[in-house]
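Note that these values count all heavy atoms, side chains included, but never hydrogens, waters or copies made by symmetry. Since we're looking at a predicted model, the values are computed, not measured. Counting starts at 1 for both ligands and their atoms, following the listed order.
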Amino acid sequence: MRIDLHTHSNRSDGTDPVDVLIAHAAQAGLGVIALTDHDTADGWAEGRRAAEDARVGFVPGIEISCKLNGISVHLLGYLPDPSYPPLAEELRIVRDGRTDRIPSIVSRLNAVGVSLTVDEVLAQATGTPSVGRPHVADALVANGTVANRTEAFDRFLADGRPGHVSHYAIDPGRAIELVRAAGGVPVIAHPWGRSSYKVMTAETIGRMVEDHGLAGIEVDHQDHSPQSRTALRAIAQDLGIIYTGSSDHHGAGKIDHDLGVNSTEPEQFARLLEVATKNASAAPDAQVPEAYLP
Ligand code: AMP
Ligand code: FE
Ligand code: FE
Ligand code: ZN
């Protein structure tokens with residue numbers, strides 16, 4: 001059974017509606033899919049309904065925007081209560097910061113001669129509470145400035161390019177604790193991916209486990225080379241934490257991230273569900289969701 005624990009719908013920066021994402025998961029033969037949109041749980045109810053209809057296992061999750069020493073780090077939270085007030089409040093601040101930065105991204109791009117308006121960006125993000133750089137990219141595709149998201153990031157939006165503006169993000173230690181307090185399971189996404197490799201040393205991962213209760217790390221991810229995967233798996237095994245694998249699928253928004261391209265071993269998934277049960281009982285105030293496992 002293939003288990004894919006990291007995917008995005010158009011409730012954040014994926015391109016597929018939730019029901020289409022689940023249908024694609026069924027077509028791809030996945031046994032379990034986790035929906036982990038950026039900083040929002042908006043798609044969960046629809047995802048669960050579609051997954052029950054398609055008889056695909058469904059794990060509600062969230063990918064939380066964090067920042068350590070100014071470097072972007074992503075935390076996956078599985079099965080937390082998204083309405084647990086301290087977590088809900090932080091996520092709201094992150095989402096507001098995402099939207100608030102759009103005018104400055106647009107004016108920076110205008111300053112380098114790119115034609116773009118805030119409305120063009122927002123038109124690409126209808127129905128999502130979590131606006132991101134990929135929506136800016138989509139607006140640049142729509143108005144003919146670039147051919148696709150990749151070109152938009154390479155020329156304008158990647159870190160260090162003229163249209164890059166960072167947004168408010170949470171300290172990862174605090175985010176790990178918030179996920180646990182909300183009864184969920186915290187797992188660092190792509191620790192040696194694009195930017196986070198600069199700060200996510202083995203020592204830092206160890207401290208997050210010791211000091212904050214980090215439960216696992218994502219190891220099999222397209223941003224990780226074979227050598228990185230081997231090294232990260234060894235780090236997880238040394239620390240006795242869970243290691244996962246996933247596609248980080250974004251629909252048509254990211255090439256080489258097809259559903260199921262990487263997957264999580266069933267034993268690791270079983271451990272994750274055990275930690276979920278343990279963290280939920282340690283957080284009696286949290287209204288944790290249930291995974292659907294047909
Ligand atoms: P944001 O959180 O709004 O700063 O945007 C970051 C998101 O942009 C990530 O979650 C990815 O989905 C996407 N992204 C980052 N780099 C690229 C890239 N080179 N090509 C396509 N999408 C990217
Ligand atoms: Fe994304
Ligand atoms: Fe990510
Ligand atoms: Zn992701």
Does H190 put an N, O or S atom under 2.8 Å from the Zn ion (ligand 4)? no
Below 2.8 Å, any N, O or S contact between H6 and the Zn ion (ligand 4)? yes
Mind checking whether H257 and H250 have parallel, tilted or perpendicular rings, split at 30° and 60°? perpendicular
Restricting to N, O or S atoms, which atom of E63 is closest to the Zn ion (ligand 4)? OE1
Restricting to N/O/S, name the atom of D248 that gets closest to the Zn ion (ligand 4). OD1
Looking only at heavy atoms, is any part of R194 under 4.0 Å from ligand 1, and if so is it the side chain, the backbone, or both, or is it neither? side chain
H164, portion touching ligand 1 at heavy-atom distance under 4.0 Å: neither
Checking salt bridge (Lys or Arg N to Asp or Glu O under 4.0 Å) for the pair E89/R92: CA distance, chi angles, key distance, verdict? CA-CA 5 Å; E89 175 64 7; R92 191 188 58 74; 3.0 Å; yes
Strictly under 4.0 Å, does any heavy atom of H167 approach an atom of ligand 1? yes
Check whether any heavy atom of P134 sits under 4.0 Å from an atom of ligand 1. yes
With heavy-atom distances below 4.0 Å as the criterion, list the atoms of ligand 1 near H38. 10 (O)
Ligand 1 atoms in contact with G132 (distance to a heavy atom under 4.0 Å): 3 (O)
To the nearest 0.1 Å, how far is [atom] from its closest protein heavy atom, and which atom is that?
atom: atom 4 (O) of ligand 1; answer: R133 NE, 2.8 Å
atom: atom 21 (C) of ligand 1; answer: F153 CD1, 3.6 Å
atom: atom 1 (P) of ligand 1; answer: R101 NH2, 3.3 Å
atom: atom 9 (C) of ligand 1; answer: D13 OD2, 3.9 Å
atom: atom 12 (O) of ligand 1; answer: H250 NE2, 2.9 Å

CA sep, side-chain torsions, deciding dist, call: T40, I62, side-chain contact (heavy atoms from CB on, under 4.5 Å): CA-CA 6 Å; T40 179; I62 201 165; 5.5 Å; no
Using 2.8 Å as a strict upper limit, say whether an N, O or S atom of [X] approaches the Fe ion (ligand 3) that closely.
X: H74; answer: yes
X: H190; answer: yes
X: D248; answer: no

Relative to atom 11 (C) of ligand 1, which among R98, H257, H135, K254 owns the nearest non-hydrogen atom? K254
Could you check whether H8 and H249 have their ring centres less than 6.0 Å apart? no
Taking the six-membered ring where the residue is Trp, are the ring centres of H74 and H190 under 6.0 Å apart? yes
Under the side-chain contact (heavy atoms from CB on, under 4.5 Å) rule, what do L21 and L259 come out as? Steps first, then yes or no, please. CA-CA 9 Å; L21 173 69; L259 284 171; 4.2 Å; yes
side-chain contact (heavy atoms from CB on, under 4.5 Å) with S12: of T36, D37, L35, only one passes, and it is D37
Apply the side-chain contact (heavy atoms from CB on, under 4.5 Å) test between E90 and each candidate in I170, I64, D39; give the one that qualifies. I170
The atom name of the N, O or S atom in E63 nearest to the Fe ion (ligand 3) is OE2
Hey, are T204 and T201 close enough side-chain-wise for a donor-acceptor pair under 3.5 Å? yes
Salt-bridge criterion met for R174 and E177 (N-O under 4.0 Å): no
Which distance, rounded to the nearest 0.5 Å, do you find between the CD1 of I33 and the NE2 of H6? 11.0 Å
Quick one: do L76 and I188 satisfy side-chain contact (heavy atoms from CB on, under 4.5 Å)? Show the steps, please. CA-CA 6 Å; L76 294 160; I188 293 284; over 6 Å; no
Report the C-alpha separation of Y168 and R101 in whole Å, then their side-chain angles, then the decisive distance to 0.1 Å, and conclude whether the side-chain contact (heavy atoms from CB on, under 4.5 Å) test is met. CA-CA 9 Å; Y168 172 78; R101 77 174 160 157; over 6 Å; no
Hey, is ligand 1 close enough to S65 that some N/O pair sits below 3.5 Å? no
